[in-house]
Structures are given as C-alpha cells and as structure tokens.
K.L.:
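Structure in structure tokens, see below.
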Amino acid sequence: DVAGPSLRERISSGGAIDFEAACQITWTIAHALSRLHQQGLVHGSLSPDSIILPATGGCRLLRNLWPTKNPLDLNARPQDPEWLRFSDYLAPELGQVQQATSPTADVYALGSCFYEMLRGQPPFPGGGLIEKLQRHAATPFPSLGNPRIPATVDRLLAYLINKDPASRYAQAGELP
C-alpha cells in the first residue's frame with residue numbers, strides 16, 4: 001500500500017528530474033529489479049508508471065500494472081493506448097516474434113526511464129507502436145544534450161540501452 005505520484009506523473013507535471021534524484025531513483029529501481037532477477041523473475045513492464053514516489057521519500061517499484069504474456073504478443077493490441085505508453089521502454093528484441101522478456105529487457109527499460117528522468121521525455125517520443133519499436137531497434141538514442149551531466153552517464157546509458165542485449169548489463173544488479 002504505497003501512496004504517491006508515479007514517476008510519469010512527476011515528469012509530466014515538473015519535467016526533467018534533478019540529476020542526483022534521477023541517479024538515486026535509478027539505483028533503487030536497479031536493486032529492486034536485481035532482487036527479482038535473482039529469483040529468476042523479470043518485471044516485464046517497467047515504465048515510469050510502475051515507479052511510485054511516496055511522500056515519505058524514496059521510490060517503490062510496482063509489478064505487473066498491465067497483464068502481459070511471456071513472450072509478449074505486441075500484435076494483439078497494436079492500437080491500445082496502454083501498449084503505446086509502454087512501448088517507449090520496450091527493448092528492441094521484444095519487437096521480434098516470440099521474443100520473451102528477460103533481465104536484459106528490464107535493464108533496457110531502466111535505461112529508457114533514466115533517460116526520460118534526465119531529459120523530461122522518453123528517448124523516442126511520438127509515433128505509433130510499430131514506429132517506436134523500429135526506432136528502438138535501429139535509431140541511436142538521442143544525446144542527453146546537457147553539459148551539466150557527467151560524460152560517465154552517457155557511458156552508463158550506452159550499457160543500459162544498447163541495441164544488442166548481449167552488450168547490455170546481463171541483469172540490473174550489475175550496475176556500478
């Protein structure tokens with residue numbers, strides 16, 4: 001029973017999040033994901049909607065906001081607004097037929113959420129589900145474009161949001 005706005009609500013109302021707060025949220029969610037991964041589980045639907053920011057501070061990770069199957073069947077509901085909101089965080093491999101969610105897909109979603117916290121918008125805003133999946137698969141992530149953010153963050157994002165799942169962190173617990 002956690003009360004507070006979602007990360008999506010916070011970004012929608014206030015834009016990008018302070019760098020240190022974004023790092024703290026990302027670190028906390030990475031540890032929550034790591035606990036899932038150590039149990040052989042995946043989140044499978046990580047997005048700013050699944051991250052709650054309680055009034056008491058910190059953040060909490062909610063699981064399974066939307067019913068998902070593993071593997072995902074993205075063709076079942078291509079115009080569904082929930083899938084469209086979720087598509088901003090889908091790893092490129094999840095656009096392939098019969099591709100199951102995995103810890104590396106959770107890592108990709110975490111990187112996409114971290115990017116959005118720092119920029120105030122997802123990496124590939126606008127467009128439909130198929131267009132977003134294509135951009136996640138083939139278009140390089142846009143630069144953060146903020147000189148106040150250390151270059152090491154760009155390198156961290158490169159490992160989180162790599163197009164090739166074998167080149168990402170294998171699970172969220174590997175984050176430095």
Side-chain angles (χ1 to χ4, degrees), residues 6-8 10-12 15-17 22-23 25-26 29-30 32-34 36-37 41-51 61-146 149 153-172 174-175:
S6 70
L7 179 59
R8 181 177 309 280
R10 166 52 187 85
I11 292 170
S12 293
I17 292 180
C23 290
I25 291 168
T26 301
I29 298 305
L33 289 171
S34 178
L36 286 175
H37 297 163
L41 303 170
V42 294
H43 189 280
S45 59
L46 180 64
S47 75
D49 291 305
S50 59
I51 300 170
L61 177 63
L62 301 178
R63 285 201 58 214
N64 298 331
L65 290 176
W66 300 290
T68 58
K69 294 181 186 176
N70 202 2
L72 297 176
D73 183 4
L74 299 176
N75 294 319
R77 306 182 316 176
Q79 302 306 318
D80 188 324
E82 288 180 355
W83 272 119
L84 187 58
R85 285 169 48 131
F86 181 52
S87 66
D88 283 317
Y89 315 95
L90 287 176
E93 64 271 17
L94 295 178
Q96 299 171 12
V97 174
Q98 295 298 309
Q99 181 65 43
T101 59
S102 66
T104 58
D106 282 347
V107 167
Y108 186 92
L110 179 63
S112 296
C113 290
F114 186 38
Y115 180 95
E116 184 169 351
M117 284 185 261
L118 296 172
R119 286 286 308 266
Q121 67 179 19
F124 302 113
L129 175 64
I130 302 305
E131 184 181 3
K132 285 178 188 269
L133 288 172
Q134 289 171 341
R135 287 187 281 170
H136 277 282
T139 304
F141 259 61
S143 169
L144 286 171
N146 187 337
I149 296 176
V153 172
D154 280 326
R155 288 194 295 275
L156 173 62
L157 278 169
Y159 283 105
L160 294 171
I161 57 178
N162 197 295
K163 306 289 184 197
D164 178 7
S167 297
R168 284 183 219 132
Y169 291 112
Q171 62 166 315
E174 293 181 4
L175 267 75

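For this chain, numbers begin at 1 and follow the sequence in order. As the structure is a computational prediction, the values presented were derived from the model and not from experiment.
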K.L.:
Where is the tightest heavy-atom contact between P48 and S6, given as atom of each residue plus distance?
P.N.:
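Nearest heavy atoms, P48 then S6: O-CB, 3.7 Å.
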
K.L.:
If I compare all heavy atoms of S112 with all of I161, which pair ends up nearest, and what's the gap?
P.N.:
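For S112 versus I161, the nearest heavy atoms are N-CG2, 3.7 Å.
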
K.L.:
Side chains of I11 and I17: does their closest heavy-atom pair fall under 4.5 Å?
P.N.:
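Answer yes - side chains close enough.
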
K.L.:
For a quick test of reading the model, state the closest non-hydrogen atom pair linking L157 to G111 and the distance between them.
P.N.:
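The pair with the smallest heavy-atom distance is CD2-O, 3.5 Å.
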
K.L.:
Which heavy-atom pair separates H37 from Q171 by the least distance, and what is that distance?
P.N.:
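Minimum heavy-atom contact is CB-OE1, 3.2 Å.
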
K.L.:
Give the minimum heavy-atom separation between R168 and A105, together with the two atoms involved.
P.N.:
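Of all heavy-atom pairs spanning R168 and A105, the closest is NH1-N, 4.0 Å.
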
K.L.:
Would you confirm whether D106, through its side chain, and V42, through its main-chain N or O, come within 3.5 Å as a donor-acceptor pair?
P.N.:
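The answer is no, because no donor-acceptor pair under 3.5 Å joins these two groups.
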
K.L.:
Let me confirm one number: the CG-CG distance from L62 to D49, rounded to the nearest 0.5 Å.
P.N.:
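Going from the CG atom of L62 to the CG atom of D49 covers 9.5 Å.
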
K.L.:
What's the spacing between I149 CD1 and C23 SG if we round to 0.5 Å?
P.N.:
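With rounding to 0.5 Å, CD1 (I149) is 8.0 Å from SG (C23).
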
K.L.:
For residues 121-136, which residue pairs qualify under salt bridge (charged side-chain N to carboxylate O under 4.0 Å, His left out), counting only residues two or more places apart or in two chains?
P.N.:
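As it turns out, the salt bridge (charged side-chain N to carboxylate O under 4.0 Å, His left out) pairs with a partner in residues 121-136, which skip direct neighbours, are D88-K132.
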
K.L.:
Identify the two heavy atoms, one from E93 and one from T104, that lie closest to each other, and give their separation to 0.1 Å.
P.N.:
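Heavy atoms only, the tightest pair is OE2-OG1, 4.0 Å.
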
K.L.:
Run the numbers on L118 and N146 for side-chain contact (heavy atoms from CB on, under 4.5 Å), then give the verdict.
P.N.:
CA-CA 9 Å; L118 296 172; N146 187 337; over 6 Å; no

K.L.:
Are any of the side-chain heavy atoms of F141 and H136 separated by less than 4.5 Å?
P.N.:
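Side chain of F141 against side chain of H136, heavy atoms only: contact under 4.5 Å found.
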
K.L.:
Describe, in one word, how the ring planes of Y169 and Y159 are oriented to each other, choosing from parallel (under 30°), tilted (30 to 60°) and perpendicular (over 60°).
P.N.:
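Answer is tilted, since the angle falls between 30° and 60°.
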
K.L.:
Assess whether side-chain contact (heavy atoms from CB on, under 4.5 Å) is satisfied between L46 and I29, documenting all intermediate values.
P.N.:
CA-CA 10 Å; L46 180 64; I29 298 305; 4.2 Å; yes

K.L.:
What I'd like to find out is whether the side chain of T26 reaches to under 4.5 Å of the side chain of L156, using heavy atoms alone.
P.N.:
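Result no, sub-4.5 Å side-chain heavy-atom pair not found.
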
K.L.:
Can you confirm if the aromatic rings of Y108 and Y89 lie within a centre distance of less than 6.0 Å?
P.N.:
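No - the distance between ring centres of Y89 and Y108 does not fall below the 6.0 Å cut-off.
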
K.L.:
Is R119 reaching over with its side chain to a backbone N or O of S143, donor-acceptor style, under 3.5 angstrom?
P.N.:
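Judged by distance alone, yes, a pair lies under 3.5 Å.
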
K.L.:
Hey, mind stepping through M117 and L7 against side-chain contact (heavy atoms from CB on, under 4.5 Å) and telling me if it holds?
P.N.:
CA-CA 8 Å; M117 284 185 261; L7 179 59; 3.8 Å; yes

